[in-house]
Visitor: 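Just passing along the structure, written as structure tokens.
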Number of protein chains: 2
Amino acid sequence: MKATIYDVAKQAGVSIATVSKVINQTGRISEETRAKVNRIMQELNYQPSVVASALTGKQTYTLGLLLPDLANPFFAEIARSVEDRAHELGFSVMICSTDNNLLREERNISLLKQKSVDGIIIATGVRNDTILKDLKKQNFPVALIARDMPSLAIDTVLVDDFIGGHMAASHLIEQGHRQIAVIAEDTLVMSSKERIRGYRFALEEAGIAYNPELVRISDFKVTDAKQVAGEMLDSPEPPTAIFACNDLLATGVIQAVRERGLSVPGDLSVVGFDNTLLATIIDPPLTTVAQPIQEMGQRVVDLIIRIINDKNSTKQRVVMLPELVIRSSVSRPGEYRNK
Amino acid sequence: MKATIYDVAKQAGVSIATVSKVINQTGRISEETRAKVNRIMQELNYQPSVVASALTGKQTYTLGLLLPDLANPFFAEIARSVEDRAHELGFSVMICSTDNNLLREERNISLLKQKSVDGIIIATGVRNDTILKDLKKQNFPVALIARDMPSLAIDTVLVDDFIGGHMAASHLIEQGHRQIAVIAEDTLVMSSKERIRGYRFALEEAGIAYNPELVRISDFKVTDAKQVAGEMLDSPEPPTAIFACNDLLATGVIQAVRERGLSVPGDLSVVGFDNTLLATIIDPPLTTVAQPIQEMGQRVVDLIIRIINDKNSTKQRVVMLPELVIRSSVSRPGEYRNK
DNA sequence: CTGAAAGCGCTAACAC
DNA sequence: GTGTTAGCGCTTTCAG
């Protein structure tokens, strides 16, 4: 059986209170007994039970992380960075993929609460904010990453999507494009909305008329983006550039182009969003708006731990700046049109 | 404050024992009181504390999952499938990336044990088996996925790597290749060894001399694979095909080819391993040896839960068959050599 | 059928 | 400095 605090106490000839004190470095104990207890703990290979200590009202040192899909490289990278920071600080993280399904979100949150996680980080993109409201009402520690809910005072870290969208579109405009399409995953989600707003603003600045025909919604699957891009390519007046609201969708549009025997960026320029592994792996390497995933992950866990330690700490919204990473998927329109 | 079993008991006018019984559906309680208690639980929005119940010796319903790197698509996909099955069965999963670092593995395992996870699934590729031995000695539930440790009797689910390597090489041989190289991530790891052994065997069968010059080791990063592949391409007698021991490495070799103004499969045929998202996304779509990731994830959690429920259940090794997925990265050597 | 009570491993007053 | 003791929320005999 695993050693308990009683075993240590007995072996060391002290009381369990004393052992507890040396474990938690509280109270005052003589150097001598401290050393002895420590030695015994070593010998017995004693590990305090987080479960028992949690029951007495202490933390469980575990965080919940809700995201749409771990198999999506963007979220996998987010998860990795959250995990890294959490581990640094002694926390574990329970990850739950929800597929953006409301029911699963609810179930997972309730599960996480039963397990007494100290806080929950949410990256999932619900349209619905009742879940968040509930959590807030119960004063349960929550923080958002890569998604926004400006109507609620919740700690959040995200990238400025408006600027990101603006960057993508401006870059394309600077390269001479005027027929610029957008493919977004879901216009109901804040970040998509903002990216599109940034895009529109860039168009306006450049005096280009906004054409609603050019902004399309796709499912989150690459095949769907491919399909949507394909339709646009086959239209009588195809765009010369497409801004895909994330790298995964961008790969779909690149595939659509290739399938038609055309080339990127020769026949169509493409810019993505996120700067995941994918951007470096596809051909051509993708020009994309980078989110500082590492930093974002780090910041959310710092945020949530702050809340855990002080439930009344003032809420923060940290918005980071995206950055345009230029690779090879954009050129001037018509530049190599005839190869 | 959160409602406890006492609150429910008081409200329902029964003892906590009775409430406990209706929660766990143990003992015998009248339909009447059962209904009443259930109603009160609803009203109070009562959720039993997993922590408290774990302290009494019951399970925590959480699993640990150790893997090298969540940001690697293969492992992200594994994690996703493990997570799915675990949730189905009411378990949560704590994920830990170890970067294949022994120290981190140890730390994480010890952390997971302090948190009383019910079992640990290991996908990480330690060369060292002492950790596993320790776990086994303590009779702690462990299961391996996508890695092997045949010297220890541990529940495992993996793909037959020998056959996989054989498939990859045979396919290439059938296409007429004779100068076939391999890039592996780490020859000390079982699965790499086996894949290479399968490759050698296929060569032998075909009467092709084995040339150790053609099997190279690379770091796990794509840039490294690119570098290694580049060296081979620049050699006086470059291979006409490369078998990359995973899809990520394969993307590296494709990049190396492209960087030299050559093409896949025109100048070099490539076959990968794993069949992750990457395989469908790169250009050309990658011919690769598929691992049944979904099933594998499902099976390990079934395995580990079996062990949890019966620590003495006989160990199982479930080895699944890989499958060659033919896409467009392989052609006959020289076929389009001059475009 | 239902309840009283012991105990899971640990923390935190409060004594000594 | 160190020990006693009362919980934390729940499960589980064992009586009744």
Side-chain angles (χ1 to χ4, degrees), chain A residues 1-41 44-62 90 110-118, chain B residues 1-38 40-41 44-62 90 110-118 309:
Chain A
M1 236 18 254
K2 254 188 105 207
T4 74
I5 200 172
Y6 287 96
D7 301 323
V8 177
K10 193 180 300 174
Q11 276 291 317
V14 298
S15 75
I16 60 165
T18 303
V19 177
S20 176
K21 278 169 194 149
V22 352
I23 294 171
N24 300 294
Q25 322 212 44
T26 53
R28 30 180 82 271
I29 4 132
S30 70
E31 198 39 64
E32 197 177 356
T33 58
R34 176 200 310 289
K36 183 168 189 178
V37 169
N38 275 320
R39 186 165 50 72
I40 304 289
M41 292 200 299
L44 264 48
N45 204 324
Y46 168 73
Q47 320 253 169
S49 157
V50 174
V51 167
S53 110
L55 192 55
T56 72
K58 304 201 73 170
Q59 296 172 210
T60 52
Y61 293 95
T62 110
S110 135
L111 198 63
L112 289 172
K113 291 208 305 204
Q114 280 187 43
K115 299 206 170 156
S116 305
V117 299
D118 298 325
Chain B
M1 233 22 250
K2 254 187 103 205
T4 74
I5 199 171
Y6 287 97
D7 302 322
V8 177
K10 194 181 298 175
Q11 276 291 318
V14 297
S15 74
I16 60 166
T18 303
V19 177
S20 175
K21 279 167 195 149
V22 350
I23 294 171
N24 301 292
Q25 323 212 43
T26 53
R28 31 180 81 270
I29 0 115
S30 71
E31 198 39 65
E32 198 179 354
T33 59
R34 174 199 312 289
K36 183 168 191 180
V37 169
N38 276 320
I40 304 288
M41 293 200 297
L44 266 47
N45 204 323
Y46 168 73
Q47 319 253 170
S49 156
V50 174
V51 168
S53 109
L55 191 57
T56 72
K58 303 199 72 170
Q59 295 171 210
T60 54
Y61 293 95
T62 112
S110 135
L111 198 64
L112 290 172
K113 291 208 305 205
Q114 281 187 41
K115 300 206 170 157
S116 304
V117 298
D118 298 325
N309 293 328

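Computation of the quantities below employed the complete heavy-atom set of this structure, encompassing side-chain atoms and omitting hydrogens, waters and symmetry-equivalent molecules.
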Visitor: Report yes if some heavy atom in the side chain of Gln47(A) is under 4.5 Å from a heavy atom in the side chain of Met41(A); otherwise report no.
Guide: no

Visitor: How close or far is atom P of dT12(D) from atom CD of Gln25(B), stated in whole angstroms?
Guide: 14 Å

Visitor: Scan residues 50-59 of chain B against DNA chain C and write down, sorted by residue number, each residue with any heavy atom closer than 4.0 Å; if none is found, say none.
Guide: Leu55(B), Thr56(B)

Visitor: Is it true that, when you exclude Lys113(B) itself, more than 12 heavy atoms of the residues, nucleotides or ligands shown sit nearer than 6.0 Å to its NZ?
Guide: yes

Visitor: Just so I know, are the side chains of Val37(A) and Glu32(A) near enough to count as touching, which here means a heavy-atom distance under 4.5 Å?
Guide: no

Visitor: I'd like to know if the side chain of Lys115(A) reaches the main chain of Tyr61(B), judged simply by a donor and an acceptor atom lying under 3.5 Å from each other, with no hydrogens or angles considered.
Guide: yes

Visitor: List every contact pair, protein side and nucleotides 1-5 of chain D side both N or O, where the distance is under 3.5 Å.
Guide:
unit_1, atom_1, unit_2, atom_2, d
dT2(D), OP1, Ser30(A), OG, 3.3
dT2(D), OP2, Ser30(A), N, 2.8
dT2(D), OP2, Ser30(A), OG, 3.4
dT2(D), OP2, Thr33(A), OG1, 2.7
dG3(D), OP2, Ser15(A), N, 2.9
dG3(D), OP2, Ser15(A), OG, 3.4
dG3(D), OP2, Thr18(A), OG1, 2.6
dG3(D), O6, Lys21(A), NZ, 2.7

Visitor: Quick check for you: to the nearest 0.5 Å, what is the distance between Thr33(A) atom OG1 and Ile40(A) atom CD1?
Guide: 11.5 Å

Visitor: Just how far, in rounded Å, is P of dC10(C) from OH of Tyr61(A)?
Guide: 15 Å

Visitor: Quick one: OG1 on Thr4(B) to CG on Leu44(B), what's the gap to the nearest 0.5 Å?
Guide: 9.0 Å

Visitor: Starting from C1' on dT11(C), measure out to CD1 on Ile5(A) and report it in whole angstrom.
Guide: 8 Å

Visitor: Tell me: CG of Asn24(A) to C1' of dA13(C), nearest whole Å?
Guide: 14 Å

Visitor: For Lys36(B) and dT2(C), what is the distance between atoms NZ and C1' respectively, to the nearest whole Å?
Guide: 13 Å

Visitor: Please report the shortest heavy-atom distance between Ile16(A) and Ile5(A), naming the atom on each side.
Guide: O-CD1, 3.7 Å

Visitor: Just the rounded figure in Å: distance from C1' of dG9(C) to CG of Asp7(A).
Guide: 10 Å

Visitor: Compile the donor-acceptor pairs under 3.5 Å between side chains in residues 48-56 of chain A and protein atoms, sequence neighbours left out, one pair per line.
Guide:
unit_1, atom_1, unit_2, atom_2, d
Ser49(A), OG, Val51(A), N, 3.3
Ser49(A), OG, Ala52(A), N, 3.0
Thr56(A), OG1, Ser53(A), O, 2.8

Visitor: What integer distance in Å separates Lys10(A):NZ from dG9(C):C1'?
Guide: 14 Å

